[in-house]
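The block underneath contains the structure these notes are about, expressed in structure tokens.
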Amino acid sequence: WSLRVHPDDLPAVNAAVQSMLTTPQELHAHEVRLRCKNGDYKWTLTQGKVVERNERGEPIRVIGTQTDLTDIKQREAALDLHAGVFMNNMEGIVICDANVRIKSVNQAFTDITGYPAEEAIGQPPSILNSGRQDAAFYKEMWRQIKENGRWQGEIWNRRKNGEIFAEWLTINVDHAPDGGVRHYYAI
């Protein structure tokens, strides 16, 4: 088994197994890459436990399982990538829920508007409303969002300090599998 463990994982795995073998009631649980028959590595959760010891306390029977974590690890990597793009983007990004309440903002949003995430989250994006657009403007904007799933245009907003600024705004709708609105994304 240890010959199939990725070389970078082997020292930690050997230490965990040794601990399991020498410590009563120790459960070994370790994420490790194992080489498959075709030579590729798959992430697995390897768990083991000594279930029987001799009169000197030496292990004589161990049980264990291995669970394939490859898909989970790939999803985690994709999430890390997307989170990095979101957080490090130079464009301000706002994610709102279906009720048009801010769920998340990136650092550029804070830099542009002056609103830190903890003040913006839970608020409607209208906290930025400058008062320069009338109700007809917003009615048309929401009509396009509902009909087309997106809107793009220039809008005047207000920073936390009261300064009014122009921005080019794109709003997209993220639909749930049932067709309902899951999120609104504004950049």
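In what follows, residues are counted from 1 in the order of the sequence shown.
Under the 4.5 Å side-chain heavy-atom criterion for Ile, Leu, Val, Met, Phe, Trp and Tyr, Tyr41 and Val32 are members of distinct hydrophobic clusters. Under the 4.5 Å side-chain heavy-atom criterion for grouping Ile, Leu, Val, Met, Phe, Trp and Tyr, Val5 is connected to Leu21 within one hydrophobic cluster. In this structure, Met87 is a member of the same hydrophobic cluster as Ile93, with clusters built from ILVMFWY side-chain heavy atoms closer than 4.5 Å.
For residues 88-105, the side-chain hydrogen bond (donor to acceptor under 3.5 Å, both in side chains) pairs, not counting sequence neighbours, are Lys103-His183. Sorted by first and then second residue, the side-chain hydrogen bond (donor to acceptor under 3.5 Å, both in side chains) pairs with a member in residues 106-125 read Gln107-Asp111, Glu119-Lys160; sequence neighbours excluded. The list of salt bridge (Lys or Arg N to Asp or Glu O under 4.0 Å) pairs with a residue in residues 162-179, not counting sequence neighbours, reads Arg159-Glu163, Asp174-Arg182.
Expressed to the nearest 0.5 Å, how far CD1 of Ile102 lies from CD1 of Ile121 amounts to 8.5 Å. We find the NE2-OG1 distance between His28 and Thr46 to be 5.5 Å, quoted to the nearest 0.5 Å. With rounding to the nearest 0.5 Å, the separation of CD in Gln47 from NE2 in His30 is 12.0 Å. Taking OG1 from Thr67 and CD from Glu31, the interatomic distance works out to 10.5 Å, rounded to the nearest 0.5 Å. One distance of note links NZ of Lys73 with CG of Asp80; it measures 10.0 Å at 0.5 Å rounding. One finds the CG atom of Asn129 at 7.0 Å from the CG atom of Asn157 (value rounded to the nearest 0.5 Å).
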Worked check of side-chain contact (heavy atoms from CB on, under 4.5 Å) between Met20 and Val17: CA-CA 5 Å; Met20 174 190 66; Val17 169; 4.2 Å; yes
From CA spacing to verdict: side-chain contact (heavy atoms from CB on, under 4.5 Å), Leu128, Arg158: CA-CA 5 Å; Leu128 303 173; Arg158 182 183 309 272; 5.7 Å; no
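Counting heavy atoms from C-beta on, the side chains of Trp168 and Gln152 come closer than 4.5 Å. The side-chain heavy atoms of Arg33 and Asp8, taken from C-beta on, include a pair separated by under 4.5 Å.
Annotation for Lys42: atom NZ does not count as buried by contact number, only 12 or fewer foreign heavy atoms lying within 6.0 Å.
In summary, of the residues considered (Lys146, Glu147, Glu140), a side chain to side chain donor-acceptor pair (under 3.5 Å) with Gln144 occurs for Glu140 alone.
Cys96 and Pro125 make their closest contact through SG-CG, 3.9 Å (heavy atoms, listed as atom of the first residue, atom of the second, distance).
Ile72 belongs to a hydrophobic cluster with Trp43, Leu45, Leu69, counting contacts under 4.5 Å between side-chain heavy atoms of Ile, Leu, Val, Met, Phe, Trp and Tyr, direct or through other members. Think of Leu27 as one node in a network of Ile, Leu, Val, Met, Phe, Trp and Tyr side chains linked at under 4.5 Å; it has no links at all. By the 4.5 Å side-chain criterion applied to Ile, Leu, Val, Met, Phe, Trp and Tyr, Val181 is assigned to a cluster that also includes Val100, Phe137, Tyr138, Met141, Trp142, Ile145, Trp151, Ile155, Leu169, Ile171, Val173, Tyr184.
Using modelled atom types and a 3.5 Å distance limit, the side chains of Glu58 and Asn54 yield a donor-acceptor pair.
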